[in-house]
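See below for the structure under consideration.
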Amino acid sequence: MYTLTRTLLPALLGAALLTACSSNQENKQNAMIEKSSFGQTADGQEADLYTLRNTSGMEAKITNFGGVVVSLTAPDRNGAYEDVTLGFDSLAPYQKDSPYFGALIGRYGNRIAKGKFTLDGKSYTLATNNMGNHLHGGLQGFDKVLWTAQAVEGDEPALKLTYTSKDGEEGYPGTLNVEVTYTLQRDNALRIDYKATTDKPTVVNLTNHTYFNLANKGDILNHELTLYADRFLPVDQTLIPTGELRPVAGTVFDFTKPTAMGARINDSTDTQIKYGLGYDHAWILSDSSQGLKRAATVYEPTTGRVMDVSTTEPAIQFYTGNFLDGTLTGKGGVKYAKRTGFCLETEHYPDSPNQPKFPSTTLRPGETYQSTTVYKFSARK
Ligand code: BGC
């Protein structure tokens, strides 16, 4: 399957246009997936951009460079579809400037303290790239590699991305075969299915790092957030969890009822807000069952757009774009100022390889890592 994908697929897709007719004749338009060039990487490899469209007209543009979601449209209360993600118009800035816009994150999403962990009595040292810690897979994480892509036509078009991470890459043990499938569902949801296998014991925590702005402009402070989580993980000054699972009740981390993201974001009396420069923490989902469960709902009052996030993961990182500072010029020439995008990254807990009380992120030969997250869009009148 791998060989077939790598050798034949580029030729098969050479025609650049793949159209899949919808089986449902009542739908407004056909679902489709289309391939175009996204330019060359710094080391001369061709990157592609895939446009997925569903029968309602929702559209996702995804590149096989870093598996980045370059744009994603969603309907407002009048049925107008607009891009609800931050990103760049071209490939070059994704290779050097991007704060992980839209990207697939691996081998380990979020931080591993001091880039060190021990597994089965052996110590491993990873690349450190964030305040002395390892963040989002290191210097060249899964967000900065070229994935092999396979377009899957159908009523719900999908893009299957595969990547083989070598034994020792960024310091991690084991060859990791990763498969991520993006599916644009007919119910206006983008579903992400992750799978991985290894040939040596290793640690895995995959996620997606899309920055959303449901208004398509301005800051995100008026977006109303509900997190179906009654505890969160306090962090130290370098954003490593202290190990405590703290109840959100009575704190500025309580989003169990819809609350504007900006309502308490500058609470200078809260040490955790100070450390994160806003929200940059993992919340533990109240529903600890293994299946797909609701994690978050975001409502944007001016457009009526709603995003519902569900996941099989136990936690979700809510990050409010605190490190955006207006120096990045994004799509359409927009300068991304502080808090103009937010991320809801579904995940296992940060630093789990060093925290035996956290759910395990160890993957062993013979096991399959599997995880699913769904971002579903709708609108309120
Ligand atoms: C992290 C932030 C980090 C950001 C990178 C988030 O997932 O939690 O601390 O700055 O990614 O853009």
Side-chain angles (χ1 to χ4, degrees), residues 66-70 85-88 93-115 126-144 170 192 194 205-213 219-220 225 227 229 232-242 253 261 265 271-284 295-296 309 311 313-328 330 336-352 355 358 361 371 373 375:
V68 167
V69 176
V70 173
T85 65
L86 273 50
F88 301 109
Y94 282 110
Q95 296 177 82
K96 46 187 177 70
D97 302 329
S98 182
Y100 307 94
F101 283 154
L104 292 178
I105 303 294
R107 192 176 294 199
Y108 200 97
N110 210 278
R111 293 172 175 79
I112 296 179
K114 301 190 169 57
L126 308 171
T128 49
N129 55 340
N130 187 269
M131 295 189 275
N133 297 318
H134 177 86
L135 174 68
H136 294 334
L139 301 173
Q140 195 187 34
F142 294 179
D143 59 298
K144 288 201 184 56
E170 301 292 317
I192 316 177
Y194 304 84
N205 190 23
L206 304 178
T207 192
N208 175 279
H209 208 290
T210 296
Y211 288 64
F212 295 98
N213 181 325
D219 64 43
I220 46 89
L225 172 68
L227 288 170
F232 78 105
L233 298 181
V235 291
D236 67 15
Q237 289 185 55
T238 70
L239 303 184
I240 296 292
T242 59
F253 287 77
M261 291 180 182
I265 201 168
T271 315
Q272 287 300 313
I273 287 280
K274 268 205 249 168
Y275 288 172
L277 300 176
Y279 295 106
D280 191 357
H281 296 76
W283 271 252
I284 310 306
V309 186
T311 188
E313 287 296 301
I316 191 161
Q317 182 87 9
F318 172 48
Y319 169 60
T320 39
N322 310 315
F323 296 110
L324 297 174
D325 59 5
T327 53
L328 291 177
Y336 291 133
K338 190 169 177 179
R339 299 182 181 148
T340 50
F342 68 89
C343 301
L344 284 168
E345 305 151 58
T346 53
E347 61 186 11
H348 266 59
Y349 306 3
D351 198 35
S352 298
Q355 310 234 14
F358 289 177
T361 49
S371 160
T373 292
Y375 296 96

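Each ligand, and each atom within it, is numbered from 1 in the order the structure gives.
- The shortest contact between atom 10 (O) of ligand 1 and any protein heavy atom is with F323 CD1, 3.1 Å.
- In the vicinity of E345, heavy-atom distances shorter than 4.0 Å reach the ligand 1 atoms 6 (C), 7 (O).
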Test side chain to side chain donor-acceptor pair (under 3.5 Å) applied to T346 and T373, step by step: CA-CA 7 Å; T346 53; T373 292; 2.7 Å; yes
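- Between the side chain of N208 and the backbone N or O of E345, no donor-acceptor pair lies under 3.5 Å.
- At a 3.5 angstrom cut-off on N or O pairs, P99 counts as close to ligand 1.
- Geometric assessment of K144 against the ring of Y94 yields a negative cation-pi assignment under the 6.0 Å and 45° thresholds.
- For atom 12 (O) of ligand 1, the closest non-hydrogen atom on the protein side is Y211 OH, 2.8 Å.
- Close contacts between ligand 1 and H136 involve ligand atoms 1 (C), 6 (C), 7 (O), 11 (O) [criterion: under 4.0 Å to a heavy atom].
- The closest approach between any non-hydrogen atom of R111 and ligand 1 is below 4.0 Å.
- We find the CD-CZ distance between Q317 and F342 to be 14.0 Å, quoted to the nearest 0.5 Å.
- Nearest non-hydrogen protein atom to atom 11 (O) of ligand 1 is H209 NE2, 2.7 Å.
- Listed by number with element, the atoms of ligand 1 under 4.0 Å from a non-hydrogen atom of N110 are 8 (O).
- Classification of the H281-W283 ring pair by plane angle, with boundaries at 30° and 60°, yields perpendicular.
- Using the six-membered ring where Trp is involved, Y319 and Y211 have ring planes that are perpendicular, over 60° apart on the 30 and 60° scheme.
- Note: Q355 CD to L233 CG = 8.0 Å, rounded to the nearest 0.5 Å.
- Taking a cut-off of under 4.0 Å to the non-hydrogen atoms of D280, the atoms of ligand 1 that pass are 1 (C), 2 (C), 8 (O), 9 (O).
- Annotation: atom 5 (C) of ligand 1 to nearest protein heavy atom, Y100 CD1, 3.7 Å.
- Proximity of F318 to ligand 1 is not established, as no heavy-atom distance is less than 4.0 Å.
- With a heavy-atom cut-off of 4.0 Å, Y279 does not touch ligand 1 at all.
- Y100 places none of its side-chain heavy atoms less than 4.5 Å from the side chain of C343.
- A side chain to side chain contact (heavy atoms under 4.5 Å, CB included) with I220 holds for exactly one of T340, T320, I265; it is T320.
- With a 4.0 Å heavy-atom cut-off, ligand 1 is reached by no atom of N322.
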